[in-house]
Visitor: 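My questions will all concern the structure given below.
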Amino acid sequence: RVGLRGSSEAYRRLIADISRIARVDALVLLEGETGTGKELAARAIHYLGRRASGPFVPCDCAALPEALFEGEVFGHARGAYTDARREMRGLVAQAESGTLFIDEVQTLSLRSQGALLRFLQDGTYRPLGSERVCRADVRIIAAANCSLEQAVASGRFRADLYYRLGVAIVVLPRLRDRVEDIPILADQ
């Protein structure tokens, strides 16, 4: 129903984790190799949870240049910078009452990680160039294609952000660990 397919034991454990996590409105961190279905898992958590009637808004951090991260995520006021000819609602505002999926979170710079952490701490943000502070009612699901714990150990990821995101951690099984699902996935 949400696009995930399989019958292996690893797949069944994943579905059980998703079903359990969808019932609570906690921050979720999905970890898994590229191609393991992190966005599908995030959508499943969203659509099986209480925010299903709200929007699901994806944010691909790997595709966002460092200078644009805060403006894209938190929005900006008219005149906030040279080409800001109009006010723009950010992805957080677009995800109001729903879920913001932050994909490839490990690619964020330490500065952008700090901005995200500030938002996660109290649910408030200030669009670039604006004086008003906004409060958001969004569920955050983040994803990484590597172990963020190892990224913390190597100094590439903030420990405080890792602990804030890691309220519920789901490690998606690698395809090589669920080979019996390959025919099902190929048919799809």
Side-chain angles (χ1 to χ4, degrees), residues 18 21-22 24-34 36 38-46 49-51 54-77 80-81 84 87-172:
I18 287 171
I21 288 169
V24 295
D25 210 24
L27 290 165
V28 179
L29 175 60
L30 303 172
E31 290 185 346
E33 293 180 354
T34 300
T36 55
K38 293 180 294 293
E39 185 166 346
L40 286 174
R43 287 181 184 276
I45 292 167
H46 170 74
R50 72 171 186 83
R51 294 180 179 270
F56 178 88
V57 178
C59 171
D60 183 359
C61 296
L64 275 179
E66 163 69 18
L68 299 181
F69 175 77
E70 287 185 60
E72 283 290 315
V73 173
F74 303 119
H76 62 75
Y81 52 87
E87 181 177 305
M88 185 187 91
R89 291 175 59 226
L91 298 176
V92 169
Q94 293 171 37
E96 184 65 26
S97 300
T99 300
L100 177 61
F101 174 55
I102 303 174
D103 198 10
E104 304 289 347
V105 70
Q106 80 281 355
T107 64
L108 291 177
S109 69
L110 292 174
R111 182 181 181 286
S112 293
Q113 289 176 38
L116 179 59
L117 176 64
R118 175 77 181 133
F119 167 67
L120 295 178
Q121 287 173 341
D122 63 9
T124 63
Y125 64 98
R126 197 166 52 94
L128 290 177
S130 175
E131 294 178 354
R132 73 186 153 91
V133 174
C134 303
R135 177 164 292 285
D137 175 27
V138 298
R139 179 179 199 164
I140 303 295
I141 301 176
N145 65 10
C146 64
S147 166
L148 287 188
E149 189 171 28
Q150 290 176 358
V152 167
S154 69
R156 294 177 289 120
F157 202 82
R158 293 178 60 131
D160 48 2
L161 179 56
Y162 170 69
Y163 294 120
R164 179 72 62 173
L165 289 172
V167 172
I169 299 175
V170 177
V171 178
L172 280 78

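Any value given below was found using the heavy atoms of this structure, including those in side chains, with hydrogens, waters and symmetry copies removed. For this chain, numbers begin at 1 and follow the sequence in order.
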Visitor: Show your working on side-chain hydrogen bond (donor to acceptor under 3.5 Å, both in side chains) between E66 and S112 and close with a plain yes or no.
Guide: CA-CA 7 Å; E66 163 69 18; S112 293; 3.2 Å; yes
Visitor: Sequence neighbours left out, what passes ring pair (Phe, Tyr, Trp, His ring centres under 6.0 Å) with F74? Give chain and number order.
Guide: F119, Y125
Visitor: Backbone N or O of R89 within a donor-acceptor pair of the Q94 side chain at under 3.5 Å?
Guide: yes
Visitor: Output the distance between atom CG (L30) and atom CG (L40), rounded to the nearest 0.5 Å.
Guide: 11.0 Å
Visitor: Quick check for you: to the nearest 0.5 Å, what is the distance between E39 atom CD and F101 atom CZ?
Guide: 5.0 Å
Visitor: For the residue pair T107 and A62, what are the closest heavy atoms and their distance?
Guide: OG1-N, 3.4 Å
Visitor: Calculate, to the nearest 0.5 Å, the distance between atoms OG1 and CD1 belonging to T99 and I45 respectively.
Guide: 9.0 Å
Visitor: State the NZ-CD1 distance between K38 and I141, to the nearest 0.5 angstrom.
Guide: 13.5 Å
Visitor: Checking the side chain of H46 only, and the main-chain atoms of V57 only, is there a donor and an acceptor separated by less than 3.5 Å?
Guide: no
Visitor: To the closest 0.5 Å, what do you measure between CD1 (I102) and CG (L116)?
Guide: 4.5 Å
Visitor: Counting neighbours of CD on Q121 that are heavy atoms of other residues, nucleotides or ligands and sit closer than 6.0 Å, is the number greater than 12?
Guide: yes
Visitor: Quick check: closest heavy atoms across V92 and A136, and the distance to 0.1 Å?
Guide: CG1-CB, 3.5 Å
Visitor: Considering all heavy atoms of both residues, which atom of V138 and which atom of A95 are nearest to each other, and what is their separation?
Guide: CG1-O, 3.3 Å
Visitor: Check salt bridge (charged side-chain N to carboxylate O under 4.0 Å, His left out) between E149 and all other residues, then give those that pass, not counting sequence neighbours.
Guide: none
Visitor: T36: which residues meet the side-chain hydrogen bond (donor to acceptor under 3.5 Å, both in side chains) condition with it, sequence neighbours left out?
Guide: none
Visitor: Once salt bridge (charged side-chain N to carboxylate O under 4.0 Å, His left out) is applied, what residue pairs with a partner in residues 96-118 remain, sequence neighbours excluded?
Guide: E70-R111, R118-D122
Visitor: Can you pull out every side-chain hydrogen bond (donor to acceptor under 3.5 Å, both in side chains) where at least one residue sits in residues 135-144? Sequence neighbours excluded, please.
Guide: R51-D137
Visitor: If you round to the nearest 0.5 Å, how far is CG of L100 from CG of L91?
Guide: 6.0 Å
Visitor: Would you mind writing out the side-chain donor-acceptor pairs for residues 158-167 within the sub-3.5 Å range, not counting sequence neighbours?
Guide:
from : atom 1 : to   : atom 2 : distance (Å)
R158 : NE     : D160 : OD1    : 3.0
R158 : NH2    : D160 : OD2    : 2.7

Visitor: Run the side-chain contact (heavy atoms from CB on, under 4.5 Å) test on L29 and L27 for me, step by step, so that the C-alpha distance in whole Å, both residues' side-chain angles and the decisive distance to 0.1 Å come before the verdict.
Guide: CA-CA 7 Å; L29 175 60; L27 290 165; over 6 Å; no
Visitor: Give a yes or no on whether the backbone of L148 and the side-chain of E31 come within a donor-acceptor separation of less than 3.5 Å.
Guide: yes
Visitor: Which pair of heavy atoms, one from C61 and one from F69, lies closest together, and at what distance?
Guide: SG-CE1, 4.2 Å
Visitor: Which atoms form the tightest heavy-atom contact between P127 and C134, and what is the distance?
Guide: CD-SG, 3.9 Å
